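Worth saying up front: this structure is predicted, and the values here are computed from it rather than measured. Index from 1, following the sequence.
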Amino acid sequence: MKESLKIQPHHLERGAYLYIRQSSMRQVIENVESAKRQYALRGRAIALGWRDEQIIVVDSDQGESGASAAWREGFQRLVSDVGMGRAGIVMGLEVSRLARNNADWQRLLEICALADTLILDEDGIYDPSSFNDRLLLGLKGTMSEAELHVIKARLRGGILNKVRRGEYRCSLPTGLIYDQSGNVAFDPDSQIRETIVHFFDTFLRVGSACQAVKAFRTEGLLFPSRLRNSETTVFRPLTASTAIRVLNNPRYAGAYVYGRRRYRRAINGKKILQRRDQDDWLACIPNAHPGYISWEQFQQNLKILKTNGQGYEVARASPPREGKALLQGRAVCGRCGKHFRVRYAARRGRLDAWYVCDRAHGYRGEPSCQSIAGPPIDKAIGMLITEQMTPTAVELTLEIRREIEARCEEADRLRRRAIERAQIEADLAQRRFMLVDPNNRLVADTLEGEWNEKLRVLAKAREDRERAQEQDQLILDEAVRERLIAMTVDFNKLWADPDTPDRERKRLLAHIIEDVTLIKMPTEGTIKVHVRFKGGKIQTLTTTSPKSSAQQVKTQPSIVELVDKLLDKHIYSEIADLLNQQGYRPGGSVRPGCHDARFTALRVAYLVHRYGLRSRYDRLRDRGMMTKREAAARLNVHETTLARWAEHGLVTKHAYNAHYHLYEIPVSNVPRKQCSRWNRLVDRAAAIAKAIN
């Protein structure tokens with residue numbers, strides 16, 4: 001069948017779509033002849049019978065790869081118009097121009113067959129609804145996809161061959177450059193080199209990327225950063241992402257690496273980054289070029305980062321933080337073997353640390369292993385550390401002083417480098433301004449403004465250095481030196497000094513202790529502390545479990561016994577006064593912030609009731625004491641007469657509370673009731689005796 005017979009009148013009534021594409025912008029710019037050949041298909045469509053206004057050119061996918069249609073808007077528009085029956089013919093110079101993906105190509109053929117749309121390439125016209133033509137087009141699509149695979153494999157093979165020899169040039173991080181011979185070398189800028197060296201030293205000192213960022217911010221230092229696709233290096237504030245990226249880059253360790261990550265396309269066409277493990281890198285050649293750190297130090301940095309980023313369910317020693325928990329990241333549960341989690345609770349105006357092992361409860365709903373208060377444990381560990389470290393306290397303190405001095409000198413050297421750079425840029429701006437024609441004010445004003453801006457940057461750098469020097473001087477002044485020297489006499493003072501940050505205590509602890517296993521003994525009220533030192537030595541301590549809130553407010557047994565004895569002779573108010581005079585308080589001690597923590601009659605009555613003590617009333621009754629009514633009936637007198645006898649000592653009365661009494665009837669010399677006259681004489685005699693006394 002001739003090609004002209006495939007073109008029917010209904011094809012000519014619809015549009016002719018000319019699809020033009022080249023894979024990269026470099027091809028678009030340099031491969032001009034290919035573009036001309038593709039646009040020349042327009043004349044062929046006119047020769048076949050389509051009018052010029054019916055020809056629709058789709059060239060919006062220039063510079064896009066044909067490996068997928070996900071990111072090609074022009075191809076998607078072409079498929080949409082074909083499916084809506086607007087296209088009579090689809091033209092492309094080659095099948096590879098339309099698609100290099102067999103799935104996209106077969107989908108286009110399917111839609112063209114359903115919509116009765118023809119396909120034209122440089123070799124001829126095809127009808128997708130015809131089996132033979134579709135078979136040929138499918139074969140061409142498969143060959144186009146295979147061709148792309150062969151091209152990629154060929155290029156990839158050449159790259160990998162150079163990679164294995166370490167000769168393939170990759171982009172270098174800030175601080176490394178290619179010299180004229182093509183070898184990797186340090187950046188000639190001394191400020192860049194010294195800043196990077198200072199960063200790695202700071203990380204080793206603080207043990208955390210975030211803490212290194214804080215140290216740079218505190219010291220007022222900037223970190224070099226190379227602009228993308230440029231050789232220009234600028235200094236910016238250090239960020240956590242930059243710090244982690246530098247620590248993870250093996251080029252700083254002098255190693256040539258390739259294939260640390262790979263990319264794959266998602267369904268939506270976006271690239272997805274996947275990191276490979278070190279064992280899966282395509283190339284790793286240590287000591288291939290100069291580095292800022294050794295390969296062993298790089299591996300150690302990775303271990304530190306991995307440890308810092310691991311979850312609490314993994315046995316680890318996390319980086320020291322600001323909390324008071326001394327064994328943060330080093331306390332191990334003696335029951336399940338997991339590391340304790342640290343929790344803080346505000347109680348009675350202070351923040352207490354607790355070592356909690358509750359993973360079983362959180363994951364499986366089981367009871368928690370242990371919950372141990374931190375202060376007694378930390379106190380015992382602190383005493384152990386001071387005992388172990390006292391002989392070397394002098395050397396340690398001097399080393400701390402030398403470290404502070406070296407750190408300040410390094411920071412000041414970097415600030416001087418920043419001033420030198422600002423001075424060079426200011427001098428350059430000045431020379432550019434001096435060389436311009438003064439009459440050309442348009443250029444002169446601009447250069448003058450740049451010069452003034454460089455001078456402001458220079459002045460700010462000098463002010464920052466002066467301010468930082470003043471702060472460093474406060475750290476290294478003579479008073480601080482004398483204080484450090486005084487502390488060397490007793491390491492215990494250094495450890496217990498409130499000005500010593502908790503983070504520094506934990507850092508000191510990390511050099512001595514590997515981990516500490518805690519086992520709570522509820523029945524004994526103690527905690528077993530098994531300390532494992534760095535050298536392998538193990539020492540066991542025993543501490544007392546702190547009292548609970550209920551136990552802390554519970555009255556001591558000795559006080560209860562004393563109250564029991566005092567009830568034989570005193571009432572509640574008298575007992576309260578005696579206890580207060582002897583310094584006793586409810587709960588055994590004075591509670592902070594409780595100004596009324598003193599015994600009262602009501603509190604003594606509560607103790608008697610709470611601990612089941614026999615009341616004073618029962619005690620007096622057991623001794624034969626009688627109530628007023630009972631005693632009056634026994635003596636055959638009125639209750640008023642009994643009260644009068646008690647006042648004059650004829651009958652003994654005993655108080656069992658503030659207002660009520662029990663009466664003791666004498667065994668001998670029992671008083672008798674007399675006449676009223678005799679009673680008046682007795683009263684008068686008593687009054688006279690009282691007056692005489």
Should the pair [X]-[Y] be classified as a salt bridge under the 4.0 Å nitrogen-to-oxygen rule?
{"X": "Arg100", "Y": "Glu145", "result": "no"}
{"X": "Arg205", "Y": "Asp201", "result": "no"}
{"X": "Lys460", "Y": "Glu463", "result": "no"}
{"X": "Arg432", "Y": "Glu450", "result": "yes"}
{"X": "Asp187", "Y": "Arg193", "result": "no"}

- Just by distance, do the side chain of Arg532 and the backbone of Val516 share a donor-acceptor pair under 3.5 Å?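 No; zero donor-acceptor contacts below 3.5 Å.
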
- Task: Mark yes or no for whether Thr174, through its side chain, and Arg226, through its backbone, hold a donor-acceptor pair below 3.5 Å.
- Result: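 Indeed, once roles are kept as given, a pair shorter than 3.5 Å links the two residues.
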
Find out whether [X] and [Y] are in side-chain contact, i.e. whether some heavy atom of one side chain is under 4.5 Å from a heavy atom of the other.
{"X": "Cys336", "Y": "Cys357", "value": "yes"}
{"X": "Phe223", "Y": "Thr195", "value": "yes"}
{"X": "Tyr355", "Y": "Ser371", "value": "no"}
{"X": "Gln278", "Y": "Gln299", "value": "yes"}
{"X": "Leu247", "Y": "Phe298", "value": "no"}
{"X": "Ile381", "Y": "Val531", "value": "yes"}

- Query: Do Glu219 and His198 have side-chain N/O donor and acceptor atoms under 3.5 Å apart?
  - Reply: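 Indeed, the side chains of Glu219 and His198 share at least one donor-acceptor pair under 3.5 Å.
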
- Message: Can you see whether Gln328 engages Arg341 through a side-chain donor-acceptor pair at a distance of less than 3.5 angstrom?
- Response: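 No, Arg341 and Gln328 have no side-chain donor paired with an acceptor closer than 3.5 Å.
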
- Query: Ring centres of Phe186 and Tyr292 under 6.0 Å apart?
  - Reply: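 Close enough - the centres of the two rings lie under 6.0 Å apart.
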
- Query: Do the rings of Tyr258 and Tyr168 sit parallel, tilted or perpendicular, given the 30° and 60° boundaries?
  - Reply: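 It falls in the perpendicular class, over 60°.
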
- Item | Cationic tip of Arg251 above Tyr256 ring, under 6.0 Å, 45° of axis |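 The answer is no, since Arg251 fails at least one limit relative to Tyr256.
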
- Shortest non-hydrogen separation from Ala429 to Trp451 and the atoms involved: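 Distance-wise, the nearest heavy atoms are CB-CA, 3.7 Å.
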
